[in-house]
Amino acid sequence: MQTPFCLGQSLCTRRILLAIPPARFFPVPSLPSIMPVTKSGPALFLGIELSTDQFRASIVDESLELVGTESVDFDTELPEYQTQGGIFTTPGDAYTTPVEMWIKGLDVLLQKLSRNHDLSRVKSIGGAAQHALVWWKSTTVPSLSSLDPSLPFQSHFSKHIFSLPNTPISQDTASQSHAIIIENLLGGAERMAARVGTAATPAMVAAQLLRVRETWQQEVWARTGRIQLASAFLCSLLTGKWIPMGEAEACATGMWVHSTTPGTPSHWDEGTLDIVGGSREEGRRVRGWLGDVDTTGGGRRAGNVSRYLVERYRFDLDMAAIIDTLVTPFTSDYLAAYLSLCPSPNDAILSFGPMDMLLTPAQNYIPTRMYNLFPHPAQDSGEKRRYIAALCNRNSDVPRALVRDMYTKSWSAFDRLVAIVPPGGSIGLDDKLFSFWHLQADAYPYSHVKGIYRFETGIKVNEFRDLRANPRCLVESQILSFRVKWSKMLGTGVLGSASQRRVNVTSNPNSSGTGTPPPFIVRSSTPSSSANAAASASAIPSVIANSALGIPFDPYDHTPLPSRIISTGAAANFPSISNLVGDVFNAPVYVPNTQVDSAQIIPHRNTPVAGFPGRAALGGAYVARWVWGREWASGGSSSGSLTGGSTGGSGRGLGVFEDEIRRLLQKRWIATGGVPLRTHIGPLPAGLAASASAMSGAGAQGLLGLVAGAAGVGLNVGGAGGGTGGPGSGANSGTSTPYGPRSGVGATVFEEDEEDLLPTSPLAGNNGNSPMSFGGLGISTSGLQHDPAIMAMGGHVSSPQGFESVVGPASSPLYDPMTGRMRTQTGSTIDTLSSSTSSVHGSAGVSTAYTSPDVSALGISMSGLGMGNLSPGPGSGTASNGQTTPGGGSIPGQPIAASNSTSGSGATATTNPTPLTPVVALTTADAEAQIGWAKVAEPDSDAFLTYAAIVPEYCRLEGMLVKGIV
């Protein structure tokens, strides 16, 4: 369908720049002066990321070494839009963001890049963006190829040219009912997945389009002339021409038919388009809005950098270059983050965040309702098609933050409880505890499940008898969900056979799988128990597991599970969570070095600290380097010599993306003598330099310690709860799941600065007499008996043996005497912090990593939270407002200042909780270290078998929820 407006083409590859005074280019006072033209120096590659709360940029050189980072925080640097975490929230699970803010943010980001970096050396640009739509009006818009370089982007593209100025984002679940409608009209979840590659999800484009047509003002639909995904929109602005979406993103729209049959092209599904449009005519109109799809695989340039960027920001000033600055196809942020980690066939990437995702390479295209499949976004059209399988859980950060507010009031106490509570919440095998937190609509199989469900001894309860089990049971439920989905997904054959995947990891000499431990690692406290564990695992036939246990897979079989877990996101910084992931999957857990080092400054934010790169931006830079290598190898020579001095050595960028990136990183590793990749650019936030200079020994683990001199990196093992950043640091932002006004339950916003207002826990007055009393567990952990957040719950910990002498200094990895293996330490191993760490924490800026949800807005009753039937326990009293509360405190979630008066015997004193101690790097093999990973947890066979025994009951309870029995 012909669009009502035409677009010019991008500037030709050869151009002559007129000698125009600098004022011609930079009339805006805030813009920096033009940097001198430098035609020497190595080539650079720029990656740009449009995330929910920030614009980020990362620059790497030809060897993929980090040389620059920039960021623009929407909340702090663009306060006129009044967003929280970069988005707006409205009743009905609606999450939107202003498109105009993106455009202005891009202006600011490019200004920072041109001021601090020589952009004439940038040879290629890649990038990614969050999954969101841009709604263009059908009226004439400025031609992208003829923008005036004397004006910023915002002057050309105001909010008035968008039919929907505030667009829904991927966290928006208000379209869930419309997604279910589409699914039912297509014949159900399985038939829809077989037809368009995915079952109903709230964020799919088809559901959002249907919602806009049916519930929004009619003029929004009527005046729309084109829609673009945010990634294609951003790429279009940089190239000066319309860029189509990639096929990987088209497969997430719920309207695209991916064809694997030779001679049959992939195409938009007319039946789904007709459902979305309401008629055949409107369906064709929607088809015109969407435009074509790039099915070439992402291995070529999308275009050249636009004349606008050349004249305004001085890109591509090297007139002797044979290849202009090119722009590669942009993709979704989670796929770009996947590319930055270069997983092997038997690896899995577990990304924690507002939506937890588990991604893994897939060999075959077998769509089902259990998972999503995306064509690999960086592959050549001539190579065998590769895919990425994704499992998703929308109820992630929000439940974790809510449980933190309700039961602990600090992330350090949350981490301690997850660490010391036994698997399943109890020591016995027949009285395990399970919890399912579904505050938002989710995809299959939880499409119709909403609420909070707890089970004790197989019976649904409003609350556990011992509330201290809640943090552990929540995290276990989230991880076990992925464990079960993985096994079911493997049964479809989409990942290939388990033996085939293991061969792929070990057969390739250049693969990062070299040195991977055997899939079943037996490490226990005694040799006899280790042998018994291995014997127990092999003594259970799969036939018995499949029939008697009532599940379609053998939970005791470790061979189909991934050999390595690469974990990202704020939750991966919690030692207890990383250890739990390794136990459930029986695999070592790795975290990117950039995140390990960033976590030492602010451990509880998904957003990286200023100076540290974003994973999606880094992935975009890697793709830019890969595509440029392919173009250079086939199109001529570069103006600068390639890494290693060979004019053709690094130009062989014709291989598979992951293989080529690993080859470049391996070459760099050898050339530098094993120096790890730089993780940070620029100085540390104010106040952390002193504690960083004091760090030495095992705490640095060869990461920051080896590159601190070159990159200006320091390490604060104390894990201060906040950081102070300059403009663009986002230290005051980082929330990805903000809500509006907070309710009485869980109403405390997570800010480490506010932890001097210690709230009384619902467990106050328990006096340690519950069946799960810490002292009764026989766990000797120093520091817990002094933690006020845990003591408020009535917990008692005895430490007769002086655990500090066992684990060594606070900066060293923790040897777990209960399991006989190395584990990342938790806050429970540290009694007190140094005075320097405390002073840093006290002066740190506010950090709102998570924001407590408004429970009433989520439609969850107080009884569903287990708070509706609380009765005063021993030592209960009456608060100053007259409300009766357990332990003499206030209602859960309400902070109490030291001056608040309460009657009763259970009042809690005001104390500062110990800050969260994040993960630290354990000994990591060269194969992983050279691609930027750090091992943070090792698997334990005994713990794996414990969780294997829990899986059947978990599946039974999950089935009851899905069927609506409870």
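- The closest side-chain donor-acceptor pair between T198 and R369, if any, does not fall under 3.5 angstrom.
- Under 3.5 Å, the side chains of E249 and S231 contain a donor-acceptor pair of N or O atoms.
- Residues M255 and L209 meet the side-chain proximity criterion, which asks for heavy atoms closer than 4.5 Å.
- One finds the CG atom of D292 at 12.0 Å from the CD1 atom of I243 (value rounded to the nearest 0.5 Å).
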Checklist line | K137 and E219: CA distance, side-chain angles, deciding distance, salt bridge (Lys or Arg N to Asp or Glu O under 4.0 Å) verdict | finding: CA-CA 10 Å; K137 284 185 178 178; E219 56 266 23; over 6 Å; no

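- Of the charged side-chain nitrogens involved, at least one lies within less than 4.0 Å of a carboxylate oxygen, so that R211 and D172 count as a salt-bridged pair.
- A tilted orientation is assigned to the rings of W136 and F162, their planes being inclined by 30° to 60°.
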Next item on the list: Dump the intermediate steps for side chain to side chain contact (heavy atoms under 4.5 Å, CB included) on W437 and V403, then the final yes or no.
Entry: CA-CA 10 Å; W437 291 66; V403 169; 3.6 Å; yes

Note to self: Under the criterion side chain to side chain donor-acceptor pair (under 3.5 Å), I'd like the reasoning laid out for D73 against Q54: C-alpha separation, chi angles, the key distance, then a yes or no.
What the structure shows: CA-CA 5 Å; D73 187 78; Q54 286 186 350; 3.3 Å; yes

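- Contact detail for A616 and D333: the closest heavy-atom pair is CB-O, 3.5 Å.
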Margin query: Go through it in stages, so that I can follow the logic: the residues are T89 and Q84, the test is side chain to side chain donor-acceptor pair (under 3.5 Å), and I'd like the CA-CA distance, side-chain angles, deciding distance and then a yes or no.
Written below: CA-CA 8 Å; T89 58; Q84 185 180 2; 5.6 Å; no

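- Taking the six-membered ring for Trp and the full ring otherwise, W289 and W221 have centroids separated by under 6.0 Å.
- Note on ring orientation: taking the six-membered ring where Trp is involved, the planes of F436 and H438 are parallel (angle under 30°, cut-offs 30° and 60°).
- Residues T568 and F352 have side chains not in contact (no heavy-atom distance under 4.5 Å, counting atoms from C-beta outward).
- In summary, the side chains of S340 and R615 do present a donor paired with an acceptor at a separation below 3.5 Å, with no hydrogens or angles considered.
- Two residues are said to be in side-chain contact when any heavy atoms from C-beta on lie closer than 4.5 Å; P354 and N606 meet this criterion.
- Looking at D53 and S51, their side chains do bring a donor and an acceptor atom within 3.5 Å of each other.
- Donor-acceptor pairing under 3.5 Å is recorded for the side chains of N573 and Q595.
- Taking the six-membered ring for Trp, F74 and W102 have ring centres at least 6.0 Å apart.
- Considering only heavy atoms from C-beta on, E183 stays 4.5 Å or farther from L186 through its side chain.
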Next item on the list: Please report the C-alpha distance between E80 and K104 in whole Å, then the side-chain angles of each, then the deciding distance to 0.1 Å, and finally whether the salt bridge (Lys or Arg N to Asp or Glu O under 4.0 Å) criterion is met.
Entry: CA-CA 11 Å; E80 60 270 27; K104 188 172 182 179; 2.4 Å; yes

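- At a threshold of 4.0 Å, the pair R56-E49 counts as salt-bridged, since one of the basic side-chain nitrogens sits closer than that to a carboxylate oxygen.
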Margin query: Walk me through whether L309 and L110 qualify under side chain to side chain contact (heavy atoms under 4.5 Å, CB included).
Written below: CA-CA 9 Å; L309 294 182; L110 292 174; 3.8 Å; yes

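- Checked against the 6.0 Å centroid threshold, F157 and F233 do not count as a close aromatic pair.
- Atom OG of S351 is separated from atom OH of Y338 by 13.0 Å, given to the nearest 0.5 angstrom.
- Side-chain contact between N393 and M355 is absent, with no heavy-atom pair separated by less than 4.5 Å.
- With contacts defined as side-chain heavy-atom distances shorter than 4.5 Å, the pair L50/F330 does not qualify.
- Side-chain contact check for M101 versus V72: every heavy-atom pair is 4.5 Å or farther apart.
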Margin query: Walk me through whether D442 and S447 qualify under side chain to side chain donor-acceptor pair (under 3.5 Å).
Written below: CA-CA 5 Å; D442 212 335; S447 303; over 6 Å; no

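- Side chains of Q154 and D107: a donor-acceptor N/O pair is absent below 3.5 angstrom, by distance only.
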Check: Given T97 and F88, is the side chain to side chain contact (heavy atoms under 4.5 Å, CB included) satisfied, shown in steps?
Finding: CA-CA 6 Å; T97 188; F88 301 130; 6.0 Å; no

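- Inter-residue side-chain proximity for W268 and L273 is flagged as met; some heavy-atom pair is nearer than 4.5 Å.
- Partners of R195 according to the salt bridge (Lys or Arg N to Asp or Glu O under 4.0 Å) rule, which considers only residues two or more places apart in sequence or in another chain, are D269.
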Margin query: Before you tell me yes or no, could you show the steps for Q171 and R394 under side chain to side chain donor-acceptor pair (under 3.5 Å), namely the whole-Å CA-CA distance, both residues' side-chain angles and the distance that decides it to 0.1 Å?
Written below: CA-CA 8 Å; Q171 294 168 235; R394 288 185 168 272; over 6 Å; no

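- Counting only distance, with no hydrogens or angles, the side chain of S279 and the backbone of E282 share a donor-acceptor pair below 3.5 Å.
- In terms of modelled atom types and a separation under 3.5 Å, the side chain of T167 and the main chain of L133 share a donor-acceptor contact.
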